[in-house]
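Heads up, the thing below is written out as structure tokens.
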Amino acid sequence: MKSRQNVLTAALTGLAPAVWGSTYLVTTELLPPDRPFLATTMRALPGGLLLLALGRRLPVGFWWWRALVLGVLNIGAFNFLLFVAAYRLPGGIAAMIMSAQPMFVLVLAALFLGERIRALPALACVMGAGGVVLLVFKGTVSLDTTGVLAAVGGALCMASGITLTKRWGRPEGVSLLTFTGWQLTAGGLVLLPFWLSLEDLPDGLTGANAFGFAYLIILGAVLSYIVWFRGIERLPAAAVSFLALGSPVVAALLGYLVKDQLLSALQIVGMGVVFLAILLGQPRPPRKESEETSPAAPRTAASHLPDQPALQQERSG
């Protein structure tokens, strides 16, 4: 039963990276051009404020700084560094570097959560990174130091966010919606000054822009992060990190289906390798010992004796 629950939880959690994989297409096709910080701020802040209004509960005590740290790692800093890397590293190199994120989680989970580094997840890390390389590499190698550092920083932010969310858990009595609202609001507030200082306001919004922002807020932030944090609560940290590898796969598939981009044989092989890595990274079902093979309980001397009431009745008779 627990194994089946883990499969269902992993499938639901994997919907979040799938939605995030569609973000690039929504941003380029539906949102005002050349405004990445507007997109990321609008993705996080309105949804966070909406969840705060619904939950009507603010952090208490040390959860103020914990919510800020988690919001920065999971949303604010991660999205900022992701866009910096995407703009400065061509040919999908940013996605290749970001695919190292499960390796970081394995190490952090071993240090802070006591999760053992096993051979199969380690192999899955290598396979996942290799599959992403086959999927996104275009044969152009042009490394920008700032871009590389941003990509590595983004991977570390996501890995640290997963690990700390797992370690700290959720405050008792706080709903998952409210907990998600804390982080989205914190991440959006961190992004807000970057948007206001680095980008101009759009001249006007079209119907397509409104639909794109609604998609990012409702699906790309509120619903996706709710199921993502739910998965972190119920699955090992390393298993959740592998699910994030599905994001570039979905992005490539959408590019093929919607924008008529070609998929090479190597890219298709890369998708298969990534999918296999995700499966290998999930927790294995526990081994069950059959009653026939389990050793019988040893019989003690007391088991040969009659029970005390029967013994007293025999003596009295």
Side-chain angles (χ1 to χ4, degrees), residues 16-17 19-24 26-28 30-60 62-87 98 150 153-162 164-165 168 170-171 174-202 205 209-230 232 244 247:
V19 172
W20 297 337
S22 67
T23 300
Y24 175 78
V26 172
T27 302
T28 56
L30 299 177
L31 299 187
D34 302 324
R35 288 178 173 84
F37 293 112
L38 169 63
T40 52
T41 304
M42 287 297 295
R43 175 186 174 187
L45 191 54
L49 294 175
L50 173 63
L51 292 179
L52 284 184
L54 293 175
R56 297 182 180 181
R57 184 166 183 176
L58 295 175
V60 177
F62 57 77
W63 272 105
W64 276 105
W65 67 264
R66 283 189 176 182
L68 177 61
V69 170
L70 293 178
V72 169
L73 291 175
N74 286 321
I75 298 160
F78 169 71
N79 281 283
F80 173 78
L81 293 171
L82 181 63
F83 274 104
V84 170
Y87 272 90
M98 292 290 294
L156 283 172
C157 280
M158 188 175 194
S160 301
I162 291 174
L164 288 179
T165 304
W168 289 339
R170 178 160 42 100
V174 174
S175 68
L176 187 57
L177 272 68
T178 300
F179 185 60
T180 305
W182 291 354
Q183 298 189 50
L184 286 174
T185 303
L189 290 175
V190 169
L191 289 168
L192 185 61
F194 291 98
W195 166 44
L196 295 177
S197 60
L198 297 177
E199 295 177 357
D200 298 326
L201 291 172
L205 293 178
N209 296 154
F211 179 80
F213 282 125
Y215 180 91
L216 288 183
I217 294 170
I218 298 173
L219 289 179
V222 174
L223 296 179
S224 60
Y225 274 109
I226 286 174
V227 300
W228 181 249
F229 294 139
R230 176 183 179 273
I232 293 177
S247 185

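Values below: all heavy atoms of this structure, side chains included; hydrogens, waters and symmetry mates excluded.
- Side chains of L201 and R35 form no contact here, defined as non-hydrogen atoms less than 4.5 Å apart.
- Separating the CG atom in L51 from the OG1 atom in T185 is a distance of 7.5 Å, to the nearest 0.5 Å.
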All N/O donor-acceptor pairs, side-chain side in residues 210-222, below 3.5 Å, sequence neighbours left out:
unit_1	atom_1	unit_2	atom_2	d
Y215	OH	S22	OG	2.6

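- For the side-chain hydrogen bond (donor to acceptor under 3.5 Å, both in side chains) condition, the pairs that include at least one residue of residues 72-84, sequence neighbours left out, are R43-N79, N74-T165, N74-Q183.
- Residues forming a side chain to side chain contact (heavy atoms under 4.5 Å, CB included) with T178 (at least two apart in sequence, or on another chain): R57, V174, S175, W182.
- Scored by the side chain to side chain donor-acceptor pair (under 3.5 Å) test, N209 finds T206 as partners (sequence neighbours excluded).
- Considering every non-hydrogen atom in both T41 and G188, the closest pair reads CG2-O, 4.0 Å.
- Partners of W168 by side chain to side chain contact (heavy atoms under 4.5 Å, CB included), not counting sequence neighbours, listed by chain and number: W63, W65, R66, V69, L70, L164.
- The side chain to side chain donor-acceptor pair (under 3.5 Å) search around R170 returns E233, not counting sequence neighbours.
- Partners of M158 by side chain to side chain contact (heavy atoms under 4.5 Å, CB included), not counting sequence neighbours, listed by chain and number: W20, F78, Q101, I162, W228, A244.
- With rounding to the nearest 0.5 angstrom, the OG1 atom of T40 is 10.0 Å from the CH2 atom of W195.
- The side chain to side chain contact (heavy atoms under 4.5 Å, CB included) search around F194 returns F37, F80, L198, not counting sequence neighbours.
- Taking every heavy atom of both residues into account, L73 and S160 meet most closely at CD1-CB, 4.0 Å.
- Between I75 atom CD1 and L45 atom CG the span is 10.5 Å, to the nearest 0.5 Å.
- Considering all non-hydrogen atoms of both residues, A67 and P59 come closest at CB-CG, 4.3 Å.
- The CG atom of L184 sits 11.0 Å away from atom CG of L189, with the distance rounded to the nearest 0.5 Å.
- Of all non-hydrogen atoms in P202 and L205, the two that sit nearest each other are CG-CD2, 4.2 Å.
- Between S224 and A16, the shortest heavy-atom contact is O-CB, 3.3 Å.
- Shown here for V84 and A150, the closest heavy-atom pair between the two residues is CG1-CB, 3.7 Å.
- Rounded to the nearest 0.5 Å, atoms CG (D34) and OG1 (T28) are 11.0 Å apart.
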